[in-house]
Amino acid sequence: MNKLLVLVVSFLLAFVVKAEDHYWYFNATWLTGNPDGVMERPIIGFNGSWPLPTLRVKTGDRVVLKLTNGLGNQNTSLHFHGMFQNGTGQMDGPEMITQCPIAPDDYFVYNFTVPDQVGTYWYHSHTDGQYPDGLRGVFVIEEAKKSDYPFDFDEEITLSVSEWYHKTSHELTPKFLNRYNPTGAEPIPQNSLFNDSRNVTWRVQPNTTYFVRIVNVGRFVSQYLYMEDHDFTVVEVDGVYVQPNTTSMVYITAAQRYGVLIKTKETTDKNFAFMNAIDKDMLDVVPKDLILNSTNYISYDESNDTPEEYIVDEYDFLDDYWLTPVSAEAMLDEPDHVITVDVTMNNLGNGINYAFFNNITYTPPKVPILHTVLSAGELATNELVYGTNTHSIVLQHNEVVDIVLNNHDAGKHPFHLHGHVFQLVARGETVVGDPVSFNATEYDLYRDNPMRRDTVYVNPQSYIVMRFRADNPGVWFFHCHIGWHLQQGLAFVLVEAPLQIQETETQHLTEGSIRICKNSNNGLYEGNAAGNKDNFLDLKGENVQHKPLPAGFTARGIVALVFSCLAGILGLVAITYYGLSDLKNVEMDLIKDLNVELDGLDESSQTNSSDSSEHISKVQI
Ligand SMILES: *[C@@H]1O[C@H](CO)[C@@H](O)[C@H](O)[C@H]1NC(C)=O
Ligand SMILES: *[C@@H]1O[C@H](CO)[C@@H](O)[C@H](O)[C@H]1NC(C)=O
Ligand SMILES: *[C@@H]1O[C@H](CO)[C@@H](O)[C@H](O)[C@H]1NC(C)=O
Ligand SMILES: *[C@@H]1O[C@H](CO)[C@@H](O)[C@H](O)[C@H]1NC(C)=O
Ligand SMILES: *[C@@H]1O[C@H](CO)[C@@H](O)[C@H](O)[C@H]1NC(C)=O
Ligand SMILES: *[C@@H]1O[C@H](CO)[C@@H](O)[C@H](O)[C@H]1NC(C)=O
Ligand SMILES: *[C@@H]1O[C@H](CO)[C@@H](O)[C@H](O)[C@H]1NC(C)=O
Ligand SMILES: *[C@@H]1O[C@H](CO)[C@@H](O)[C@H](O)[C@H]1NC(C)=O
Ligand SMILES: *[C@@H]1O[C@H](CO)[C@@H](O)[C@H](O)[C@H]1NC(C)=O
Ligand SMILES: *[C@@H]1O[C@H](CO)[C@@H](O)[C@H](O)[C@H]1NC(C)=O
Ligand SMILES: *[C@@H]1O[C@H](CO)[C@@H](O)[C@H](O)[C@H]1NC(C)=O
Ligand SMILES: *[C@@H]1O[C@H](CO)[C@@H](O)[C@H](O)[C@H]1NC(C)=O
Ligand SMILES: [Cu+2]
């Protein structure tokens, strides 16, 4: 080839793959909407509009998203779920982890590049239980060219699923985190949504392969997706391409993504059902009027009959554990650092049901943890500066880490790690009876090319083992993506390579990150978890969890007591905790009924009391 041609070709190539800058300016505002077609309610949109836009970028592009908080009555924040934020950890979003909340009328500029990622992601508020009110959308990183995809398709579309509540999070949370809900039963949603609506018709062309990017943008239930007479060929999970695997059903937990190919039929004489079904095992009660199986329509021709609900014999879905990444990565070496955590749920002395990793319920610090890293100097490697209740664990740069998670709870939980995809090294089957903990000596764990993703479920009373290399200096949240459980404290924090964070030129306290702290966090933007910047080892005044129930008064006891008491007052059948409209009267009756003196049931230990605990602190039973 002559030199000129080479030059011309490389010039053209450079032009084709040139990274783009995307500027988005969004004002988060309240509006009224009715996505399930049943009830209007307040929803958080951008600039008065909802559903939120699908944001599309290409690998290498820069995202500059200015988020203004126009809500008036709530803080906000934004997390790009699945982005590694390598070198830009302050753009990750979870409040009090990497940034202060954005106060009403304030703004924050999320500015980062996506150098080495591609696939299906989403963005959502990472402020206390807020995203299910609407502040969530799909984020897609496309390949530069269609021929770069490791599979063929004709058309690409997105599809979100979620559950929907008729009440806002601020109405539900105080009733959920409440001593009158001693078992921690999660509020039951009123509906499921399919692409932010219901009874949806998807008009398809015959003889066409669709690449469908499916995201569960919900906060709670997993969903089964299945179609009448059509298969899914799974080609991507959580931004990781996998060898095509054809199945009739996928099971998608909150926050997971599946990229699937759907090949349409050659003829157009019939339309078909596309079902999305709630995993009812996750619900404490199944109300009679809750529609578990929702029917949507694959329409080849509008003049065909409307399909009936499609019934299957069993929920036989693809087990993601056995998927094989296209870009092979051998299982990482034996871990340098093993973090073993046991998941439990239990009541503390205030009667509220919390979730724990090793008896610690995540309690936010007074200063964002990343800000503590950036202001602690050499002490940043000392876990103490992050406080005793944030459950922060310091990792060495580039060490291999195992998270061994033993689920001693009877529910299924989707766990998410920020800043990484991890290899799934082990996952146990559901256990009935006593919970089973992982025991490395009992298993041959090695697999050539284990599945990798960023959100994975653990089975009831069983375990998962996740492995990754600590090659991304930053502060990364690890938590259950059931928003209710996160609010109950089911989280810990990885402070990955803190000295390398300090050395990264792009990671420092910026004007913007300091400003939002000044406007939302009493000006506190540096120091240890207690806000002490003079002595990082003095944690006096830090936020801590409530005291345990007093000795001799077990959690089971209080559960039984409150249950029998409420049963007496309301009649067992009538107990729908979220329907309790007049808590005050129940409260008084309860106090009379219980007639017990309980020391230690005080609120004094928790400084940042939520609405619910303020409400509760009036009751001294
Ligand atoms: C949204 O509102 C902001 C602030 O008012 C404005 O700057 C921006 O252009 C609007 N964006 C869109 C997409 O309408
Ligand atoms: C879906 O169908 C149900 C039952 O016919 C109806 O009540 C509801 O309004 C519909 N929702 C939408 C968004 O079309
Ligand atoms: C954002 O929306 C709120 C509520 O509508 C409005 O009061 C505020 O002026 C808007 N902010 C900007 C920057 O447009
Ligand atoms: C915003 O966050 C701060 C700091 O966590 C908190 O004190 C304040 O009450 C929050 N404001 C609103 C409106 O929720
Ligand atoms: C975004 O970050 C880049 C790199 O640090 C910087 O050059 C640019 O000015 C930033 N843009 C905005 C709008 O903050
Ligand atoms: C879901 O909504 C998006 C955004 O409006 C649209 O592009 C897509 O085609 C819809 N998907 C289906 C399956 O209807
Ligand atoms: C679909 O493809 C088949 C085989 O190539 C062809 O016979 C048929 O006519 C096509 N159907 C439509 C509706 O184009
Ligand atoms: C939901 O679908 C499943 C599988 O098709 C079926 O077994 C079950 O009876 C359906 N449930 C309801 C309430 O329709
Ligand atoms: C597809 O998934 C099944 C079930 O999980 C598994 O047994 C099989 O090995 C997978 N095949 C490929 C090619 O990934
Ligand atoms: C949690 O507390 C229980 C009861 O006090 C104790 O038996 C157990 O060892 C603790 N677990 C951990 C991991 O600290
Ligand atoms: C783990 O399994 C080995 C082999 O079965 C057994 O000897 C050992 O006691 C087990 N460890 C624990 C902690 O249960
Ligand atoms: C982060 O960037 C470093 C340096 O380029 C690289 O070695 C590492 O693999 C990256 N980690 C992730 C999770 O992207
Ligand atoms: Cu959970």
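Numbering starts at 1 and runs along the sequence shown.
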Using a strict cut-off of less than 4.0 Å between a Lys/Arg side-chain nitrogen and an Asp/Glu carboxylate oxygen, indicate whether Arg257 and Asp454 qualify as a salt bridge. yes
Mind listing the side-chain donor-acceptor pairs of residues 64-72 below 3.5 Å, one per line with the distance, residues two or more places apart or on another chain?
from, atom 1, to, atom 2, distance (Å)
Asn69, OD1, Leu71, N, 2.9
Asn69, ND2, Gln74, O, 2.7
Asn69, ND2, Ile102, O, 2.9
Asn69, ND2, Ala103, O, 3.3

Any donor and acceptor pair, going by atom type alone, linking the side chain of Gln130 with main-chain N or O of Thr127 inside 3.5 Å? no
Is the closest side-chain heavy-atom distance between Leu135 and Phe46 below 4.5 Å? yes
For the pair Tyr362 (side chain) and Gln487 (backbone), establish whether a donor and an acceptor sit closer than 3.5 Å, ignoring hydrogens and angles. no
Sub-3.5 Å donor-acceptor pair from the side chain of Arg219 to the main-chain atoms of Asp133, do we have one? no
side-chain contact (heavy atoms from CB on, under 4.5 Å), that's the test. Do Glu496 and His420 meet it? Break it down for me. CA-CA 11 Å; Glu496 187 168 323; His420 289 277; 2.7 Å; yes
Does one side chain, of Thr363 or Gln545, offer a donor that lies under 3.5 Å from an acceptor on the other? no
With distance as the sole test, does Thr390 use its side chain to make a donor-acceptor pair with the main-chain N or O of Pro365 at under 3.5 Å? no
According to disulfide bond (SG atoms under 2.5 Å apart), does anything in residues 63-92 pair up with another residue at least two apart or in another chain? List the pairs. none
Got a salt bridge between Lys145 and Asp148, using NZ or NE/NH1/NH2 to carboxylate O under 4.0 Å? yes
Is the gap between the ring centers of Trp476 and Phe468 under 6.0 Å? no
Could you check whether any side-chain N or O of His79 sits under 3.5 Å from a backbone N or O of Asp92, counting only pairs where one atom can act as donor and the other as acceptor? yes
Answer yes if the side chains of His81 and Thr455 hold a donor-acceptor pair under 3.5 Å, and no otherwise. yes
Using atom types as modelled and distance alone, determine if a side-chain donor or acceptor of Thr506 lies under 3.5 Å from a backbone N or O of Thr88. no
What do the steps show when you test His391 against Asn358 for side chain to side chain donor-acceptor pair (under 3.5 Å), and what is the final call? CA-CA 9 Å; His391 207 159; Asn358 293 351; 4.8 Å; no
With distance as the sole test, does Ser169 use its side chain to make a donor-acceptor pair with the main-chain N or O of Gly129 at under 3.5 Å? yes
Can you check whether Phe108 reaches Leu78 side chain to side chain, under 4.5 Å on heavy atoms? no
Does Asn382 use its side chain to pair, donor to acceptor, with the backbone of Val385 at less than 3.5 Å? no
His485 ring center within less than 6.0 Å of His479 ring center: no
Residues Tyr258 and Gln256: closest non-hydrogen pair is CE1-OE1, 4.0 Å
For Arg515, the salt bridge (Lys or Arg N to Asp or Glu O under 4.0 Å) test, sequence neighbours excluded, returns Asp106
Here the disulfide bond (SG atoms under 2.5 Å apart) pairs for residues 471-530, sequence neighbours left out, are Cys100-Cys517
NZ/NE/NH1/NH2 to OD/OE distance under 4.0 Å, Arg213 and Glu156: yes
Determine, stepwise, if the pair Val114 / Phe112 fulfils side-chain contact (heavy atoms from CB on, under 4.5 Å). CA-CA 7 Å; Val114 283; Phe112 59 92; 3.8 Å; yes
May I ask you to check whether Tyr110 and Gln85 show a side-chain donor-acceptor distance below 3.5 Å? no
Under the side-chain contact (heavy atoms from CB on, under 4.5 Å) rule, what do Trp484 and Thr173 come out as? Steps first, then yes or no, please. CA-CA 8 Å; Trp484 302 116; Thr173 298; 4.0 Å; yes
Within residues 368-377 or reaching into it, pairs that qualify as side-chain hydrogen bond (donor to acceptor under 3.5 Å, both in side chains) - sequence neighbours excluded: none
Once the angle between the rings of Phe139 and Phe80 is folded into 0 to 90°, is it parallel (under 30°), tilted (30 to 60°) or perpendicular (over 60°)? perpendicular
Check the pair Met331 / Val425 against side-chain contact (heavy atoms from CB on, under 4.5 Å), numbers first and verdict last. CA-CA 8 Å; Met331 189 178 281; Val425 171; 4.3 Å; yes
Any salt bridge linking Lys58 with Glu20? Criterion: basic side-chain nitrogen under 4.0 Å from a carboxylate oxygen. no
Contacts of Thr168 meeting side chain to side chain donor-acceptor pair (under 3.5 Å) (sequence neighbours excluded), chain-then-number -> Glu171
For Phe26 and Trp24, take the angle between the two ring planes, folded into 0 to 90°, and tell me which bin it lands in: parallel under 30, tilted 30 to 60, perpendicular over 60. parallel
Rounded to the nearest 0.5 Å, how far apart are CG of Asp402 and CZ of Phe422? 12.0 Å
Over 12 foreign heavy atoms within 6.0 Å of CG, Asp21: yes
Sub-3.5 Å donor-acceptor pair from the side chain of Tyr165 to the main-chain atoms of Pro187, do we have one? yes
Ring centres under 6.0 Å, that's the criterion: do His481 and Trp122 meet it? yes
Donor-acceptor side-chain pairing of Thr510 and Gln90 below 3.5 angstrom: no
So, Asn350 side chain and His546 main chain: donor-acceptor pair closer than 3.5 Å or not? no
